[in-house]
Amino acid sequence: MIERRWAGTLPAKAHTQLRDPAGALRHEECITRRGFDGPFTILYHEHRPHTALPTSLAPLGLDDAGSLALTPAEASAPLLRRHFRGARVQSSGDPLSARRPLLFNRDVVVSLLRPTSALDAYSVNGDADELYFVHRGGGVLHSVLGELEFTEGDYLCIPRGIIHRFELDAGEQLWLLVECSAPVEVPAQYRNPVGQLRMDAPYGHRDFRAPRFVGPRDDGVRTLVVQRNRRWHGFALAHPALDVVGWDGALYPWALSIHDFQPKVGRVHLPPTIHGTFATRGALVCSFVPRLLDFGAGAIPCPYPHSSVDVDEVIFYARGEFGSRRGVGEASLSLHPAGIAHGPHPGRYEASAEEAEQGRQAGRPGATHELAVMLDCAEPLRVTPHAVAVEDGDYHQSFV
Ligand SMILES: [Fe+2]
């Protein structure tokens, strides 16, 4: 929800008649959040939008809900700093069955997926907003509101309730997915009183991409997969899914490239919240992007050891050298739980101070080329067997 948009053919006023040239009445569908108190979008369909009947998902190979079930690997998780080698996660198939949940709590489910084929159905998530970070690959999101191209480095958000289908580009795909059970939003401090993104926000309205409206079309797909209560439910569509002639509202899929996030730097190290990108209930998503390092006299650019005592911290490492961590590689995920302090690996804090001093004396500001996505989560995260299967068991001890 960035701003209100509209496309296609609309009546002058909501909940009034819209007819086609032959006089046939269009059918309104209001998708609403927080009951009827939150953001909403009104769609105008050629057909009645509530005629789908249950059907088997066996032809799609989705009748087994096992990959959606969230089972912790440990009855009582050890309080350890943990590292999961995401590059080793095995995954293939369509974008639903390729999901491998790694971490979860009541607010978020963090998965990795490597989709290799399109799903021969439309899908809709009735449990959560889907926030993807496209680490590798890209494609086109086809939705009832239009088409949205996405590529490497994009955040792609599909609000709960929006019917969609992925078309994949050729080549490798590796996506981080954060399912958020409450809406994904721009942090409130980035808005001015009229809802505009503030001039000092780390991105502007023009950085967000919305679907390109195409209009009604029939691609022959007549199956809809609905995710609700961590199960897939199949429905047979009586008519084309993409039968919308116009829409108006603030709920729609959108994309933002992490490369359009504008970082801030300071004389001394700024807290991670300065990298805040999206907020949802119980979690803040932050973007760590290439930037100059802290430039003040005596500054230590390497992150200071800290005890952020109210949050479990997850970092997905996309690219570049991480000054404070060794052993993590591309697509690694680290989990630093609340309750114990964490910080740089041995020697990194001291080396960072030394390198910064040498750079200052040479008149050469330091810089980092790191690219990462961080989540600070209020509720304790549980670890799944998919994560344990790729765990680096020596990670906690590596800080000693
Ligand atoms: Fe941290």
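Residue indices begin at 1 and follow the sequence shown. Read the numbers this way: they start at 1 and go in the same order the structure lists the ligands and their atoms.
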Output field for angle at the Fe ion (ligand 1), H306.NE2 vs H342.NE2, rounded to 10°, should show 80°

What about the rings of H306 and H342, do their centers lie closer together than 6.0 Å?
-> yes

- Task: Measure from the ring center of W6 to the ring center of Y252 and say whether it is less than 6.0 Å.
- Result: no

- Task: Decide, counting backbone as well as side-chain atoms, whether H336 has an N, O or S atom less than 2.8 Å from the Fe ion (ligand 1).
- Result: no

- Task: Using a strict 4.0 Å threshold on nitrogen-to-oxygen distance, state whether R348 and E354 make a salt bridge.
- Result: no

Does E379 form a salt bridge (Lys or Arg N to Asp or Glu O under 4.0 Å) with R281? I'd like the steps, not just the answer.
CA-CA 10 Å; E379 295 289 326; R281 187 191 67 211; over 6 Å; no

The N/O/S atom of E313 lying closest to the Fe ion (ligand 1) is OE1

